[in-house]
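Structure, as structure tokens:
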2 protein chains.
Amino acid sequence: MRRTSKLSAALHILMHLAERDAPVTSEVLAKANQTHPVVIRQTLAGLRDKGYVRSEKGHGGGWTLACDMASVTLHDIHTALGSPSLLAISEPSEATGCLVEQAVNASLHQAFQAAESLLLAHFGQVSLAMLSADIHARSAARGGSAHHLEHAHRA
Amino acid sequence: MRRTSKLSAALHILMHLAERDAPVTSEVLAKANQTHPVVIRQTLAGLRDKGYVRSEKGHGGGWTLACDMASVTLHDIHTALGSPSLLAISEPSEATGCLVEQAVNASLHQAFQAAESLLLAHFGQVSLAMLSADIHARSAARGGSAHHLEHAHRA
DNA sequence: CATCATGTAATAATTAAAGTTACATGAGAA
DNA sequence: TTCTCATGTAACTTTAATTATTACATGATG
């Protein structure tokens, strides 16, 4: 699947896990995310290492949320995903020796850095619990019940 | 070439043009940017349409700067390039009907929007003249002369 | 009119990301 | 035990987007 970002994919998964108590398999999560089970495992691997989710093998196995949603922020999740770049610019090689290029890159880099810091600061102020509350507010506004969140995916 | 961004490529070209009075060919600019002459023409096409540069055919032809560097900002250049996305996130399709995904995307979109606005605001406050001045300051700090800027590229 | 240089469309190549396959590991059920 | 389920991961394939290249037309200059 062509996702909007790793972070949004991970959050989507986490919010689904938050709705369920029993373990959810990678296959089910993959369908919700319109992607492949292996991609789910790879994505969640980083979150498991940080203890945000837990995985269990065998019958009745799958993924479960394993953290206090109020104390984990989007910034934490982003870090657990390996801090992928949020900006459409890559680090300059700096190896050309061209002063013009160096100056241009330095100027742009500074600006992009500030924007990225702003994003990360924002992420640090949004907890999983807040995101979850937002979802339920939207659900209520649309007249649905929490239970319906589980069944909102396409045919 | 794998560039850091369209904007940095364009600025690199513009700063080189600023150092020269005579027209510079796409071929020369392509070498400075380690790319292909056609890519240079495609990149500069947008800037020419806005009148920031001028192109001339035939003998002695090439590209020349055609604007007041103090009154053109990085934001102007970015716009002339077609306002390519500055963020590593794409617009969500919104078509899944999944409330969870919608809420996640809405939250992230808001944050990314703010970051992009910050970047654009920054770009609006940096003129080509300021960037040029920065380059010369760096050159002086390194003990070079303005003339050397022309010859700073790799073998 | 030969050469130089841009203008632009069309095509090829490259690259990064995502999807998929394959197989190993471990947990529970029969 | 042994079979099935589910994750863990490496290797590989596919896909999409970007960039590079080719090809040819247009116009300017010597």
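In what follows, chains are A, B, ... by sequence order, proteins preceding strands, each numbered from 1.
Taking the six-membered ring where tryptophan is involved, the planes of F123(B) and F112(A) are perpendicular, since the angle between them exceeds 60° and thus also 30°.
The CG atom of L29(A) sits 12 Å away from the P atom of dA6(D) (whole-angstrom rounding). To the nearest angstrom, P of dA17(C) lies 13 Å from CD of Q42(A). With rounding to whole Å, H36(A) atom NE2 is found 15 Å from dT15(D) atom C1'. In this structure, NZ of K31(A) is placed 13 Å from P of dT20(C), rounded to the nearest angstrom. If you take CG of N33(B) and C1' of dT18(D), they are 16 Å apart, rounded to a whole angstrom. Atom CD1 of I40(A) is separated from atom P of dA6(D) by 15 Å (rounded to the nearest Å). Atom P of nucleotide dT7(D) and atom CG of L17(A) are separated by 11 Å, given to the nearest angstrom.
Evaluation of the side chain to side chain contact (heavy atoms under 4.5 Å, CB included) rule for A129(A) yields M69(A), A70(A), S127(A) as partners, not counting sequence neighbours. By the side chain to side chain donor-acceptor pair (under 3.5 Å) test, T73(A) is found to be paired with D76(A), residues two or more places apart in sequence or in another chain being considered. Considering only residues two or more places apart in sequence or on other chains, A88(A) meets the side chain to side chain contact (heavy atoms under 4.5 Å, CB included) condition with none of them. Taking the side chain to side chain donor-acceptor pair (under 3.5 Å) definition, one finds that D134(A) meets it with nothing, sequence neighbours left out. For S83(B), there are no side chain to side chain donor-acceptor pair (under 3.5 Å) partners two or more places apart in sequence or in a different chain.
Using modelled atom types, one finds no donor on one side chain facing an acceptor on the other under 3.5 Å when comparing Q34(A) with H12(A).
Backbone-only engagement by G62(B) is indicated by non-hydrogen atom pairs under 4.0 Å involving sugar-phosphate atoms exclusively.
Hydrophobic clustering, defined by side-chain heavy atoms of Ile, Leu, Val, Met, Phe, Trp and Tyr closer than 4.5 Å, leaves V38(A) isolated from every other such residue.
Of all the residues in residues 75-85 of chain A, not one reaches under 4.0 Å from DNA chain C with any non-hydrogen atom. Taken residue by residue, residues 45-55 of chain A places heavy atoms nearer than 4.0 Å to DNA chain D at R48(A), S55(A).
In terms of heavy-atom proximity, M15(A) sits nearest to I135(A) at CG-CD1, 3.4 Å.
For dT7(D), the OP1/OP2 oxygens have a side-chain nitrogen or oxygen of S26(A) closer than 4.0 Å. Regarding contacts with the backbone of dA18(C), a side-chain N or O of K6(A) is found under 4.0 angstrom from either OP1 or OP2.
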Strictly under 3.5 Å: I want the nitrogen or oxygen pairs between protein and nucleotides 22-28 of chain C, one per line.
from, atom 1, to, atom 2, distance (Å)
dT25(C), O2, K57(A), NZ, 3.0
dG26(C), O4', K57(A), NZ, 3.3
dG26(C), N2, G58(A), N, 3.0

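With rounding to the nearest 0.5 angstrom, the OG1 atom of T64(B) is 9.5 Å from the CG atom of D21(B).
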Could you pull out all donor-acceptor pairs under 3.5 Å where a side-chain atom in residues 40-55 of chain A meets a protein atom, sequence neighbours excluded?
from, atom 1, to, atom 2, distance (Å)
R41(A), NE, S26(A), OG, 3.4
T43(A), OG1, V39(A), O, 2.9

